[in-house]
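In each ligand, atom 1 is the first atom listed, and ligand 1 is the first ligand listed.
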Amino acid sequence: MPDQSFKKASTLPPYIFGEINSLKQKARHAGEDIIDFGMGNPDRETPKPIVEKLIETVQNPATHRYSQSIGLPKLRLAMSDWYLRKYNVSLDHENEIVTCMGSKEGIAHLCMATLSEGDNVLVQSPTYPVHTYGVVIAGATVEPVTLIDDLESFLDQIKEKISRKKGKPKMLIINFPSNPTTITCNKAFFEELVNICKKNDIWIIHDLAYADIAFDGYKAPSILEIEGAKDIAVEFYTLSKSYNMPGWRVGFCSGNKHLVAALTKIKSYLDYGTFTPIQVAAIKALNECDDEVSKICNLYKERRDELCKGLNRIGWNIESPNATMFLWAKIPEKFQKIGSLEFSKLLISEAKVAVSPGSGFGMDGDGYVRFSLIENEYRIRQAIRGIKKVL
Ligand SMILES: Cc1ncc(COP(=O)(O)O)c(C=O)c1O
């Protein structure tokens with residue numbers, strides 16, 4: 001038998017959604033109707049004009065060949081136009097933008113391209129798993145920086161970690177609006193962060209997956225809006241959430257040309273890019289479908305309102321988030337001691353409701369569970385009745 005000690009694979013814990021999914025599947029096989037707030041997997045269809053563009057393009061056999069790993073020039077141009085339109089940020093599509101097969105892929109490969117053993121990386125915690133495990137897979141060391149709701153303390157922790165004599169961090173990975181905590185920030189916060197990191201020669205990777213899912217007049221800033229940010233930062237954007245395109249696998253890394261070049265280079269060894277018809281349909285999305293984005297955002301807002309209202313009515317007090325497709329809910333006091341995994345199991349078995357345990361996003365999240373807003377309002381009301389029985 002060949003050696004089975006696969007060091008990298010075995011140091012990774014089971015993927016969070018894998019564990020939740022198998023619990024859910026078991027209950028469903030037993031004939032139960034589980035209301036699913038587990039994964040942040042948009043449930044609605046991709047807007048028609050985008051699907052139609054894909055169908056039209058795929059009829060052309062020339063599009064069946066290998067595509068371009070860096071992304072079609074017109075797609076990168078569409079992304080730079082998007083930045084100009086939405087944020088007044090200018091980007092050179094030749095050197096400052098690379099297309100990814102989803103931002104998850106891009107973040108993991110950027111880590112692989114830029115980090116190695118001995119590098120320390122500050123990572124917001126709790127957070128979306130690839131922010132942490134991209135670093136782990138690259139062989140570098142993660143230093144979690146706790147952020148539940150206090151941005152000041154987050155900055156203080158970063159300053160404290162930077163001021164140490166040994167093990168100065170090389171990179172900081174952040175995500176605003178944040179999954180899972182739903183915390184948002186303003187431009188002044190980004191300004192301070194860019195200042196700190198510039199002074200200390202630290203790269204910033206910002207994940208802007210929820211750029212367009214913002215409510216009540218809040219506008220999620222881009223870190224690239226900050227003067228000089230491009231000297232040290234890149235930002236990831238994805239079509240998965242804004243355009244209901246999670247299965248299509250299109251995202252971007254934009255900003256600092258050295259980081260973009262590193263990612264482009266490693267990707268040129270690993271893939272031939274997203275299927276050309278998907279890239280062409282993505283151009284359509286970015287250039288012509290702003291109204292579809294507004295509709296999608298509005299749907300999440302309605303679900304957020306329904307779920308918040310329902311949970312508050314049954315005594316589970318939740319603050320209404322101003323962005324993302326999630327609710328981040330502190331576990332009610334009497335269940336705090338069992339922790340988020342056991343509490344999530346209880347919700348599946350007793351309330352027939354699946355959520356993600358906060359611990360799946362790092363131990364800082366253990367006092368919480370995350371609801372994804374991927375069920376309709378009727379199902380949300382059904383879930384509230386189930387949860388009421390448990391509380
Ligand atoms: C913060 C964050 N980043 C990235 C992703 C993955 O996005 P993509 O589909 O572009 O890989 C998600 C998905 O839930 C996410 O929440």
Side-chain angles (χ1 to χ4, degrees), residues 15-18 20-21 36-44 46 50 71 75 79 82 97-112 123-135 137 147 172-185 204-214 220-223 234-254 263 267 270-271 273-275 278-279 281-282 285-286 293 296-297 300 321 323-328 355-358 360-362 365 368 370-374:
Y15 196 67
I16 154 85
F17 301 125
I20 295 305
N21 278 344
D36 186 5
F37 300 107
M39 205 174 156
N41 189 358
D43 58 307
R44 298 293 280 263
T46 304
I50 305 171
L75 177 56
M79 184 78 260
W82 181 92
I97 300 179
V98 52
T99 310
C100 309
M101 299 167 95
S103 46
K104 186 179 184 187
E105 178 273 320
I107 293 165
H109 283 142
L110 180 60
C111 289
M112 219 190 257
V123 183
Q124 182 178 333
S125 168
T127 196
Y128 182 65
V130 80
H131 302 153
T132 301
Y133 291 102
V135 176
I137 292 166
L147 174 57
L172 166 70
I173 302 182
I174 50 170
N175 166 222
F176 297 95
S178 167
N179 173 14
T181 62
T182 72
I183 190 166
T184 57
C185 69
I204 300 179
I205 314 301
H206 178 230
D207 182 348
L208 184 59
Y210 298 96
D212 302 306
I213 315 298
S222 157
I223 201 164
V234 284
E235 186 162 77
F236 282 87
Y237 175 69
T238 173
L239 274 71
S240 296
K241 317 291 174 163
S242 303
Y243 298 89
N244 280 346
M245 292 171 69
W248 296 53
R249 313 311 298 136
V250 191
F252 300 88
C253 173
S254 310
L263 178 55
K267 280 175 64 58
L270 299 174
D271 67 63
T274 298
F275 185 40
I278 293 178
Q279 295 197 44
L286 287 171
V293 175
I296 289 164
C297 179
Y300 287 125
T324 77
M325 55 182 291
F326 307 109
L327 280 200
W328 180 240
V355 297
S356 292
F361 304 94
Y368 296 77
R370 189 197 72 178
F371 291 79
S372 295
L373 300 170
I374 53 165

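The distance criterion of under 3.5 Å between nitrogen or oxygen atoms is not met by H131 with respect to ligand 1. Between S103 and ligand 1, at least one pair of N/O atoms sits closer than 3.5 Å. The N/O atoms of N179, backbone and side chain alike, include one that comes under 3.5 Å of an N/O atom in ligand 1.
For ligand 1, the atoms lying closer than 4.0 Å to a non-hydrogen atom of R249 are 8 (P), 9 (O), 11 (O). The atoms of ligand 1 that sit less than 4.0 Å from any heavy atom of D207 are 1 (C), 2 (C), 3 (N), 4 (C). Within ligand 1, counting atoms from 1 as listed, the ones closer than 4.0 Å to a heavy atom of N175 are 1 (C). Distances below 4.0 Å separate heavy atoms of G102 from the following atoms of ligand 1: 10 (O), 11 (O). Atom numbering of ligand 1 starts at 1 in the shown order; those under 4.0 Å from a heavy atom of K241 are 13 (C), 14 (O). Counting atoms of ligand 1 from 1 in the listed order, those under 4.0 Å from a heavy atom of S240 are 8 (P), 9 (O), 10 (O).
Within the structure, the closest approach of M101 to ligand 1 does not fall below 4.0 Å when heavy atoms are considered. Residue contact annotation: Y210 has a non-hydrogen atom under 4.0 Å from ligand 1. Ligand 1 has no atom lying under 4.0 Å from any heavy atom of M39.
Judged purely by atom type and a 3.5 angstrom limit, T182 has no side-chain atom pairing as donor or acceptor with the backbone of L327. Looking only at distances, a side-chain donor or acceptor of R370 sits under 3.5 Å from a matching main-chain atom of G38. Side chain of S372 to backbone of M39: a donor-acceptor contact under 3.5 angstrom is found.
Open room surrounds OH on Y133; 12 or fewer heavy atoms of other groups in view lie less than 6.0 Å from it.
With contacts defined as side-chain heavy-atom distances shorter than 4.5 Å, the pair L239/L286 qualifies.
Scanning both residues, D43 and L373, for their nearest heavy atoms gives OD1-O, 4.5 Å.
For Y237 and S242, the side-chain atoms include at least one donor-acceptor pair closer than 3.5 Å.
Between F176 and Y210, the ring centre distance reaches or exceeds 6.0 Å.
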